[in-house]
Amino acid sequence: MSNSEMYSELGISKEVLAFSKDVLDSLKERFEKIDEVAEYNQLKVIKAMKKNKVSEMHFNGSSGYGYNDDGRDNLEAVFADVFHTEEALVRPNIVCGTHALAIALAGNLRPGDELLSISGKPYDTLEEVIGIRPSKGSLAEYGVTYSQVDLQGDGSFDLESIRNAINERTKVIAIQRSKGYQTRKTLSVEEIARAIKFVKEINNKLIVMVDNCYGEFVDTVEPSDFGADMIVGSLIKNPGGGLAPIGGYIAGTKECIENCAYRLTTPGLGKEVGASLNINKSLYQGLFLAPTVTASALKGAVFAANIYEKLGFKVVPNGKESRHDIIQAVEFGIPEGVIEFCKGIQAAAPVDGYVEPEPWAMPGYDSDVIMAAGAFVSGASIELSADGPIKPPYAVYFQGGLTFPHAKFGIMMSLQKLVDAGIVKLF
Ligand SMILES: *Cc1c(COP(=O)(O)O)cnc(C)c1O
C-alpha cells in the first residue's frame with residue numbers, strides 16, 4: 001500500500017493530501033535548518049552524557065529517603081552540562097512546570113524582597129504563586145512584593161521602564177521566554193540575552209530567572225548561556241522527550257540551586273534526599289530524544305502555520321517567522337473552526353483516537369474550552385495536543401508531536417474536518 005492509499009484509508013481526501021503536499025514541498029529549507037539545530041543539540045546531549053560517564057548503573061532507582069541515588073545525582077550533572085550551568089535540580093517530585101517555577105521563586109526570595117517580571121504578565125498559574133490573584137501560601141503572604149513591566153507593542157523589552165522599576169528591594173527578575181497562551185511574540189534567546197546584560201549592568205546581584213517552558217532545544221543556545229541565573233521548565237514538555245512520565249527541572253548557579261533544593265525538600269536536607277523510584281532511565285532517555293522530538297514538534301508547528309496561512313487565517317507565529325518555542329496559534333474567527341480543528345487532532349491520536357472532544361466549562365476558565373489530546377503521558381504537551389477557549393477571536397493553540405509523521409497527520413486531519421464541515425474550501 002502506498003502512503004497516499006494509507007492516508008485515504010485513514011480518512012484523508014485526495015484534495016487535502018494534494019494541498020498538504022504543496023505546502024510541505026515549500027518547506028524543505030525550513031526543515032533543513034530545524035534538523036541542523038536538532039543535530040547540534042543531539043551532540044550537545046551526547047557530549048554531556050559522555051562527560052558524566054552515564055552507564056547502566058545510573059538507571060537504577062532508589063526508594064525511601066533516596067540517599068546516594070547516583071542515577072539522580074548524575075542526571076542532574078548531565079542537565080547542568082547540557083545547559084552550561086553550575087548545577088541543576090531534576091526531580092520527579094517537582095510535579096510540573098508551575099511547581100518548578102514556584103520553587104525557584106520561593107527558594108530565592110525572602111520577606112521584604114521584590115520580584116520583578118520584565119516580560120509582562122506571567123503564565124496564568126503563576127498568578128496564584130506570586131499572589132497577583134490572592135491565594136493561600138502565595139509569595140505575597142510571605143511578604144514578597146511583585147511588580148511588572150510590560151513588553152512594548154512590538155514585543156520588545158521596555159528598557160527604560162525596567163530601569164525605573166528596579167529598586168533596592170528588587171531581588172529576582174523573571175523573564176518568560178514563550179508567549180504561552182498570550183498573543184505576544186515569543187522572546188528569542190538573543191533578546192533575552194540583551195535584557196539580562198541590561199539588568200546585570202544596573203545591579204549584578206540581581207537574580208535572573210527565565211521560565212524556559214516550551215523553549216528548550218528550539219535553538220542551539222539557551223538563556224543560561226547568557227547569564228540567566230536559573231532556567232526552569234517541565235519534563236512533560238521539550239526536555240523530557242516524551243518519555244519522562246513526570247518532573248521538572250531548574251538549572252542554574254550553585255547558590256540558586258542550593259536555595260531551590262532547600263525549598264523543594266527542607267532546610268538542611270536539600271538535594272541529598274528525594275528517591276527517584278524507578279524513572280531515572282526514562283529521564284535519561286527522554287533527554288537523549290528531546291532534541292529530535294522538539295524538532296518534530298517544531299516542524300509540525302511550521303507546517304500548520306503555512307497550511308492555515310495559505311487558507312487566509314491569521315496564524316501566530318506566521319509561516320515565515322523564526323521560531324523560539326513550539327506553540328502555534330491559528331485564529332478561526334468562528335467557534336466551529338476551533339471545534340473541528342480539535343476534532344481532527346484528536347482523530348489522529350494514537351491514544352483515545354476514537355474519542356470526539358467537546359467544549360466544556362473547565363474550572364478556572366471564563367469560557368467553555370475544547371481540548372484535544374491523546375497522550376501516552378497524561379497532559380504531556382510535547383505530545384500532539386490542541387486546545388481553544390470558545391470565545392473571540394476563536395483561536396486554537398496547538399503544540400507537540402513526538403514524530404513529524406504524527407504531527408503532519410494530525411494537521412491534515414484537522415484540515416479534513418474543516419473541509420468536511422464546509423468551513424474551508426480548498427479548490
Ligand atoms: C507550561 C508552562 C508553564 C508551567 O505549566 P505546568 O502546566 O505547570 O507544567 C509555565 N510557563 C509557561 C510559559 C508554560 O508554557
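Atoms within a ligand are numbered from 1 in the order they appear, just like the ligands themselves.
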Query - Matching residue for Phe332 among Phe313, Tyr397, Tyr394 - test: ring pair (Phe, Tyr, Trp, His ring centres under 6.0 Å) - result: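 One option only clears the test, and that one is Phe313.
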Query raised in the report: Would you say Lys179 touches ligand 1, if touching means a heavy atom closer than 4.0 Å?
Result: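 Not so, Lys179 does not reach ligand 1.
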Query raised in the report: Do any heavy atoms of Asp211 fall under 4.0 Å from ligand 1?
Result: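 Contact present.
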Polar contacts were defined as any N/O atom of the residue lying under 3.5 Å from an N/O atom of the ligand; does this apply to [X] and ligand 1?
{"X": "Thr98", "result": "yes"}
{"X": "Thr125", "result": "no"}
{"X": "Cys96", "result": "no"}

Query raised in the report: Quick one: does NZ or CZ of Lys237 land under 6.0 Å from the six-membered ring centre of Tyr123, within 45 degrees of the ring axis?
Result: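 Yes, Lys237 lies over the aromatic ring of Tyr123.
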Please check if the side chain of [X] supplies one atom and the backbone of [Y] the other of a donor-acceptor pair under 3.5 Å.
{"X": "Lys44", "Y": "Thr220", "answer": "yes"}
{"X": "Lys200", "Y": "Leu206", "answer": "yes"}
{"X": "Asn318", "Y": "Lys320", "answer": "yes"}

Query - Nearest-contact summary for atom 14 (C) of ligand 1 - protein heavy atom, Å - result: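 Nearest protein contact, heavy atoms only, for atom 14 (C) of ligand 1 is Lys237 NZ, 3.0 Å.
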Atoms in ligand 1 flagged as close to [X], the criterion being non-hydrogen separation under 4.0 Å:
{"X": "Gly97", "result": "4 (C), 6 (P), 8 (O), 9 (O)"}
{"X": "Leu101", "result": "10 (C)"}
{"X": "Tyr214", "result": "15 (O)"}
{"X": "Gln176", "result": "13 (C)"}

Query raised in the report: Would a 4.5 Å heavy-atom cut-off, applied to side chains only, mark Ile132 and Pro122 as touching?
Result: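 Yes, close enough: below the 4.5 Å cut-off.
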Query - Charged N-O contact under 4.0 Å between Glu36 and Lys33 - result: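 So Glu36 does not pair with Lys33 through a salt bridge.
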